[in-house]
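Please read the structure below before turning to the comments.
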Amino acid sequence: MILFNTKGRRLQEFKSIKEGEVGMYSCGPTVYGRAHIGNMRAYVFADTLKRVLMYAGYKVNHVMNITDVGHLTSDADEGEDKLAKAARESHETAWEISKRWTEQFFKDTKSLNVLPVTTACKATEHIADQIALVQKLEEKGYTYRTSDGIYFDTAKFPHYGDFAHLDIEGLQAGIRVDMSEKRNKTDFALWKFSKPTEKRDMEWDSPWGVGFPGWHIECSAMSMKYLGEKFDIHTGGIDHVTIHHTNEIAQSECATDHTFVNYWIHCEFLTMSNAEKMSKSLGNVVNIDTLREYGIKPLAFRYLCLNAHYRKQLLYSKEILMGANNAYNKWCAFMDKLKEENPKMLPLNQLSEASVKYLDEFKQGIFNNLNTPQALATMWNLIHDKNINNDEKYTLLMEFDKVFGLTEVEAEKPAEVEIPAEVLDLLDQRNRYRAEKNWAQADAARDAIKAKGYTIVDTKEGSKLQKI
RNA sequence: GGUCUCUUGGCCGAGUGGCUAGGCGCUGGUCUGCAAAACCAUUUACUCCAGUUCGAGUCUGGAAGAGACCUCCA
C-alpha cells in the first residue's frame with residue numbers, strides 16, 4: 001500500500017519493520033474539555049488508517065496518548081495551564097476534569113465506530129518514564145537549565161528543521177517569539193518547575209525539583225515504551241508537524257541515536273466557513289451531541305470524513321453535514337433492506353468475475369494513500385449494479401465495511417418509542433376512511449397525526465408510523 | 001515576514017495526459033387515492049492568461065483568489 005509520508009513529503013510504498021505487524025502511535029486528545037468534530041476527524045482518520053492496515057493483513061499495535069497533564073494556554077511555555085484553568089472555572093481539581101473528559105472522549109469516538117486502541121496511555125501515569133528520558137538527554141548533554149525548567153537545546157540536533165522544512169532564520173526574523181532564557185528560538189521545555197508561590201493539582205518530584213513534564217516529552221516516552229525505540233507509523237493533525245512532532249523527533253533521536261519513526265502521516269483540518277466558525281467563546285462548538293441535536297447520526301459524520309481525502313481540508317457546514325446524513329441514511333436503508341432478504345455471506349474466492357472487479361477497485365482505492373472517496377464511489381456503483389446478486393452484494397458490502405465502519409452498533413440505535421394510544425386511534429380511523437375511499441377524512445387524520453409528531457408511511461404491509 | 005496547501009457543475013468531493021467518478025440537491029418519470037420511501041432518467045465542471053503536446057481538469061510558467069501552520073486547537 002502507498003502512503004504519503006510527511007517525512008520527505010512524498011508517496012511511499014509502506015513496508016513494516018516487522019513482517020505482518022505494525023506499530024502505530026496516534027497523538028491523542030488533551031482532556032480539558034469536550035472534543036469537537038474537528039478533533040474527531042483526526043481520530044476517524046487514524047482509525048481508518050488502522051482498518052486499512054488490518055485489511056491488508058497486518059496486526060496493528062495501536063497506541064494513543066491521553067494528555068491529562070495540564071500544559072499551557074499561550075505562548076511557547078508561558079501562560080496558564082489549560083487543565084488548571086478549566087478546573088478553576090468549574091471548581092474541580094485537574095484530576096476530576098481530566099477523568100471526565102477522558103471518559104467523554106471514549107464515548108464520542110465509540111459513537112463514530114472508532115475501534116478501541118491497543119493501549120491508551122495517560123501522561124500522568126508515565127511520569128517516571130518521562131523523567132527517565134529527560135535524564136538520558138541530560139546525560140548526553142542535550143539539555144540546559146533555566147530558572148523555570150529544563151530545556152532541550154535544539155542547536156545540538158543539526159537536523160532539527162529538516163522534518164518540517166523549517167527556515168530557522170525566517171522564524172527568527174518573524175513575529176513575536178518570547179525567548180526568555182532560552183538559548184535558541186526553537187528550544188522547548190522538557191520539565192517545568194512549579195512556581196514556589198503556587199500549589200498545583202498536578203505536580204511531581206523530579207531530580208530537578210517539583211514540577212511537571214513538558215508537553216512533547218510524553219509522546220516520545222510513551223511511544224517508545226510501548227512500541228520500541230523505532231516504530232512504523234506516527235499519526236496526528238497537520239498542525240503538529242512544525243512544533244510537536246519536530247520536537248518529538250529531536251528529543252527521541254537524540255536519546256537513541258537512530259531513526260524514531262519511519263512513516264509520519266498527518267490529517268488535514270476540518271475547516272469552517274466564516275459564517276459558521278466555531279468558537280468556544282460563542283458557545284457554538286459542534287460536538288457529537290450537537291450532531292444528535294441536529295438529528296444527524298454520529299456515523300453520518302464518519303461518512304462525511306470518508307467522503308473526503310484525509311490530506312485535504314474538509315469544509316464543514318450544517319448543510320454539508322445534512323447532505324452526508326442523507327447519503328448515510330440511504331446507505332443504512334439499503335443495507336436494512338438487503339439484510340431482510342437473508343443474504344448469504346460467500347467466500348471471497350467464490351465471487352463472480354464482475355464482483356471481483358468491484359473488490360479490486362475498492363482495494364485499489366484504499367491502498368492508494370487511503371483514497372476512501374474513491375472506495376465509496378465504488379461502493380455506490382456496486383449498490384446500483386443490477387447484474388450483481390444480493391448474496392454477492394451483501395458479501396462485498398460487509399467486506400467494504402471492515403474499512404468504512406459505517407454499520408451502526410445496536411446501542412446507538414434509537415430505542416423503540418411507545419406510540420401514544422391516541423395516535424394509534426387516529427391511524428385506525430384513517431385506515432377506515434381509506435377503506436371507504438373517503439380521502440378528505442383520511443388526509444385530515446394524517447394531518448392530525450402529523451400534529452402529534454408522527455408521520456404515516458403506507459407500505460404493502462399496511463400503514464406504519466414514524467416519529468418525526 | 002516565513003512555511004505549506006488549495007481553486008472541479010447549485011453544494012460536498014474523487015480524478016496527474018486521451019475513457020461516465022461518486023454522493024447530496026434540483027427537475028422529470030415509474031409506483032401510490034394523495035404523500036413518503038424506493039427505483040429509473042436527466043441536468044450543470046474543471047478560476048484566469050500563456051506555453052508544452054497529436055491531445056491537458058491533469059504537465060510548465062505567470063496572474064488572481066481562498067485557506068492552514070509558525071500562536072501547545074487534530
Side-chain angles (χ1 to χ4, degrees), chain A residues 9 26-30 33 35-46 67 71-79 82 161 164-178 185-186 188-189 214-216 235-244 246-247 266-274 278 280 285 303-304 307-317 319-331 333-334 337 361 365 371-381 383-384 386 433-434 437-440 442-443 446 450 455-460 464 466:
Chain A
R9 313 267 164 127
S26 295
C27 274
T30 305
H36 56 69
I37 56 172
N39 303 122
M40 287 300 142
R41 184 187 187 193
Y43 303 111
V44 168
F45 150 70
T67 301
H71 290 288
L72 308 161
T73 46
S74 67
D75 287 330
D77 304 315
E78 292 289 324
K82 274 184 181 170
H165 293 191
L166 286 183
D167 176 358
I168 313 285
E169 299 289 319
L171 282 177
Q172 279 165 349
I175 48 165
R176 186 173 60 94
V177 171
D178 191 348
K185 152 78 198 85
T186 46
F188 54 93
W215 177 45
H216 313 292
T235 73
I238 191 88
D239 57 321
H240 281 157
V241 173
T242 328
I243 303 222
H244 182 48
T246 290
N247 290 346
H266 291 96
C267 177
E268 254 295 355
F269 269 42
L270 182 75
T271 58
M272 316 292 150
S273 62
N274 279 330
M278 293 195 281
K280 281 189 180 169
V285 175
Y303 178 92
L304 177 70
N307 197 39
H309 193 263
Y310 76 92
R311 292 197 65 240
K312 285 273 187 77
Q313 284 172 16
L314 171 57
L315 195 62
Y316 162 84
S317 75
E319 186 196 351
I320 291 163
L321 206 49
M322 288 299 186
N325 195 49
N326 287 346
Y328 177 65
N329 281 335
K330 281 189 182 178
W331 179 81
F334 180 84
K337 217 173 97 187
E361 207 179 292
N371 194 337
T372 49
Q374 194 195 88
L376 280 178
T378 300
M379 180 189 84
W380 286 110
N381 285 332
I383 284 175
H384 296 141
K386 288 206 170 63
Y433 288 129
R434 288 186 77 208
K437 295 199 193 293
N438 185 347
W439 309 126
D443 287 348
R446 180 205 285 279
K450 197 172 177 186
T455 184
I456 298 170
V457 179
D458 295 329
T459 69
K460 276 178 190 162
K464 289 179 183 170
Q466 278 180 4

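Numbered from 1 within each chain, the chains take letters A, B, ... in sequence-line order.
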Starting at the 5' end of RNA chain B and moving along, which residue's nearest nucleotide shows up first, A/C27 or A/R311? A/R311
Of A/N381 and A/D443, whose closest RNA chain B nucleotide lies nearer the 5' terminus?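 The residue mapped nearer the 5' terminus is A/N381.
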Does [X] make a side-chain N or O approach to OP1 or OP2 of [N] shorter than 4.0 Å?
X	N	result
A/H384	B/rG22	no
A/K337	B/rC39	no
A/N371	B/rG15	yes

Rounded to whole Å, please give me the gap between [atom1] in [X] and [atom2] in [N].
X	N	atom1	atom2	answer
A/L376	B/rA14	CG	P	11 Å
A/L304	B/rC11	CG	C1'	12 Å
A/F269	B/rG67	CZ	C1'	12 Å
A/Y433	B/rC34	OH	C1'	17 Å
A/R446	B/rG33	CZ	P	12 Å
A/N307	B/rG15	CG	P	12 Å
A/Y316	B/rC11	OH	C1'	15 Å
A/E361	B/rG22	CD	C1'	11 Å

Work out how far the [atom1] atom of [N] is from that of [M], and round it to whole angstrom.
N	M	atom1	result
B/rA63	B/rG2	P	15 Å
B/rG65	B/rU27	C1'	33 Å
B/rC59	B/rG15	P	12 Å
B/rU7	B/rG13	C1'	13 Å
B/rA45	B/rA66	P	25 Å
B/rC49	B/rC12	P	23 Å
B/rC40	B/rC48	P	34 Å
B/rG25	B/rG10	C1'	7 Å

From the options [options], select the nucleotide whose nearest atom is closest to the side chain of [X].
X	options	value
A/T271	B/rA36, B/rG67, B/rU71	B/rG67
A/K185	B/rU71, B/rC12, B/rG33	B/rU71
A/K312	B/rA14, B/rA36, B/rC34	B/rA14
A/Y303	B/rG13, B/rA68, B/rG23	B/rG23
A/K386	B/rA21, B/rU7, B/rC40	B/rC40
A/Q313	B/rU3, B/rA68, B/rC12	B/rA68
A/A308	B/rC24, B/rA14, B/rC70	B/rA14
A/I320	B/rC11, B/rG23, B/rC72	B/rC11

B/rG33 base stacked by A/W439 (centroids within less than 5.5 Å, tilt under 30°): yes
Could you go through residues 321-328 of chain A and list every donor-acceptor pair under 3.5 Å that involves a side-chain atom there, pairing it with any protein atom two or more places apart or in another chain?
residue	atom	partner	partner atom	Å
A/N325	OD1	A/K297	N	3.4
A/Y328	OH	A/L406	O	2.6

Quick one: the dot-bracket string of RNA chain B, using Watson-Crick and G-U wobble pairs with both distances under 3.5 Å, [ ] for crossing pairs and | for bases paired to another strand. (((((((..(((.....[...)))..((((.......)))).....(((((..]....))))))))))))....
Base, sugar-phosphate, or nothing for A/I456, non-hydrogen atoms under 4.0 angstrom?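 Base contact.
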What contact category does A/F334 fall into here, base, sugar-phosphate, or nothing, at under 4.0 angstrom with non-hydrogen atoms?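 Nothing: the residue A/F334, judged by heavy atoms under 4.0 Å, touches no strand.
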Could you grab the distance from atom [atom1] of [X] to atom [atom2] of [Y], nearest 0.5 Å is fine?
X	Y	atom1	atom2	answer
A/H384	A/M379	NE2	CE	9.0 Å
A/E268	A/F45	CD	CZ	11.0 Å
A/W380	A/W331	CH2	CH2	9.0 Å
A/Q313	A/R41	CD	CZ	8.5 Å
A/T271	A/Y316	OG1	OH	12.0 Å
A/I383	A/F334	CD1	CZ	5.0 Å

Non-hydrogen side-chain atoms of [X] and [Y] separated by less than 4.5 Å:
X	Y	result
A/L315	A/I320	yes
A/T246	A/H216	no
A/L376	A/Y303	yes
A/R311	A/H266	no

Output one letter per nucleotide in nucleotides 25-31 of chain B: B when a protein non-hydrogen atom lies under 4.0 Å from the base, S when only the sugar-phosphate is that close, - when neither is. S------
Can you find a donor-acceptor N/O pair under 3.5 angstrom joining the side chain of A/R9 to the base of B/rC4?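 Per atom types, no contact qualifies.
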Residue pair A/T235 / A/S26: nearest heavy atoms and the distance that separates them: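 The pair with the smallest heavy-atom distance is OG1-OG, 2.7 Å.
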